[in-house]
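To start, the structure itself, in structure tokens.
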Amino acid sequence: MSKVTLNGLTKRFGKVEAVKNVTLKIRDGEFVALLGPSGCGKTTILRCIAGLEKPDEGDIYIGDKMVTRLSPPDRNVSMVFQSYALYPHMTAFDNIAFPLWIRKRPRDEIREKVKKTAEILEISEFLNRKPGELSGGQCQRVALGRAIIRNPAVFLLDEPLANLDAKLRISARGELKRLQKQLGATMIFVTHDQVEAMTMAERIAVMNNGVIEQFGSTDEIYQQPANMFVSGFIGTPAMNLIKCSLVERGGSISLILDTNTLPVPDSIGRALIEKIKSSDMVFGIRPEDISIHEKNKPNSYKTKVYVVEPLGNEKLVTVEMGNTYSKVRTRLDFKQEIGENAWVDFDWNRAYFFDKRTGKVIMHGLNKSANRR
Amino acid sequence: MDRKTKIFIFLFLLPAVVGLGLYAYYFSGWNLSISMTNARSLIFPAEFIGLGNYERFLGDSVFITVVKNTAIFTVLFMGGTLLLGLLLAILIDQGIKGEGLYKVIILIPMAMPMVISGVLWSWMFSPRMGVINSLLRVLHLDFLTQPWITSTSQALLCVIIAYIWVFTGFVALLYLANIRSLPNEQSESARVDGASKFQLYWRVIIPQLRPATVMAFAVLFLNSLVAFDLVWTLTMGGPAGSSELLGTLMYKQTFQWNYFGYGAAIAQIMFIISMVVMVPYLYRSIRRR
């Protein structure tokens, strides 16, 4: 098991810069997700670590050894591909044995190791079947088996769960996480699914346009997003981001959303004024941090119900505030229907403020409360 | 489907159906009927002699020679072409520069009329003026010069080499298309797992080339059965029948010696052999669809 370090990694395809000067330090035995929308460069980073792509600039270290110029087999990494890349003409046994087989290990050793690997992955009874006779979940385990049999320094997984059906994906998430703990292995996986990243990884590198926007624990990524992109990418549904400007009138501070005025608690307003350069900003609040009421309440804000989506255990209400729409998570007994009025108020301690131009976070309520403590 | 559409479909299919009916089915039937006569031409009336021609052919001394030659030809031609085609495909698969150009070049022999290829190869193999022997002489390797097509022991081999040359490019492209259709991840995964180039092809890629092999097998087998034009221009089946194949024998019997009935019977036998191979192949490929 080894740590993995990327130092100023850049990879270009023609004129397109797929990965831009990425630096990333992954600890020994850590489970890390590279998360981002398609085309953000996450798979390219994985392929660079595997040695399937040559970076144009920067260096890659596995353990303390620089591997930038080594060929894939000399890096001691295993990779599980999104399509699993199983060999269709070989049985599950032969697929798992393949890495040892080509190293010309003794037959007994191979049989022993395949048996052990199959036991860990609970696929012992399928070993004589070919990939075409296995389900998606079984194929995925065979691919994992082929990766772990060699006991590599680092595991690389490219969208390992993407080809599974929704139900299986949820159970596979847990199993993969347990497997990683059991092996104590350094695992890096690529995903575009933030739930997958949140549930499995210890730390997440959120990527966009070839750049790592934020690298941190799941809590950090969720509670202290570094910028608008991260806050908008994490959470289902994502954080509401509302363009607004801050004004101080007659001693009270408010946000102007379109033509509406939203008074801000004094402590937060003061802190904001100290930090901002321009009054234009983006106000961010998660759907669960908005309360919605059928009747007017002091300090609440009048909106119109745009759509109501019942989810069984709760309702997701989209409200119209001027020209912007915000999602609100609420209890099932919320009665208002489309077109009716509803009043919302915000948990200001969980509000975020972003610089409209750079997208960077200016401050968030949590920060303040954390400071107060 | 309404009536009008049906009529349209019928009209569009008609020329193909008529052409196929006339050239494939009608003439096949005609050939069968001639093969059961003692016809010496296509004009004068002939007598029905049942399976007499077939009996005569099976008893003919040339029968053994021709069957032996055709068997040797089929095995060496097919084996050589499949092997060389595969090697060529693997070579092109290495991502060499100018791949498109190579693909065109290796297809040229296939695109050329067989007769021209035959003439070209007869220049290569000519014992006195031929390219190969002249080259050997220039290199002072005179002891290596061979009688080639003038030798009873080498003529068939020369024909086989020429046929391999014609079909290798085609087979290579079949294999290349098959290799390229395999998911790239398989090779990448094998590379990460430490497989050498040889192991990658031997263990992962070649076992998955069945579709191209089956296809090439069918095409090559049919061509080895009907092999005629190149043999004719190179050796005319000679010397002394040493490169005589079913095709050349049929031609000689029919058009040189005017035993039309006998020639038709040989053609009928070729037809039956090819059906034995093609019917299961077509059945399988149609059923898969």
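Every chain is numbered from 1 and lettered A, B, ... according to where its sequence line falls, protein lines coming before strand lines.
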E30(A)/R203(A) ion pair, N-O < 4.0 Å: yes

Part of Q199(B) lying under 4.5 Å from any heavy atom of chain A: side chain

Check against ring-ring contact (aromatic ring centres under 6.0 Å, His included), F189(A) and F31(A): CA-CA 8 Å; F189(A) 76 102; F31(A) 201 11; 5.2 Å; yes

Residue part contacting chain B, namely of L86(A), when any heavy atom lies under 4.5 Å: backbone

Heavy-atom pair count under 4.5 Å with chain B, highest-scoring of R146(A), Q82(A), H89(A), M79(A): H89(A)

Pi-cation contact, F13(A) with K11(A) (under 6.0 Å, within 45°): yes

Side chain, backbone, both or neither of R47(A) within contact of chain B (heavy atoms, under 4.5 Å): side chain

Spatial distance of atom CD1 (I205(B)) from atom OH (Y201(B)) [nearest 0.5 Å]: 5.0 Å

side-chain contact (heavy atoms from CB on, under 4.5 Å) assessment of Y87(A) paired with S189(B): CA-CA 10 Å; Y87(A) 310 126; S189(B) 177; 3.9 Å; yes

Contacting region of R210(B) [heavy-atom separation from chain A under 4.5 Å]: neither

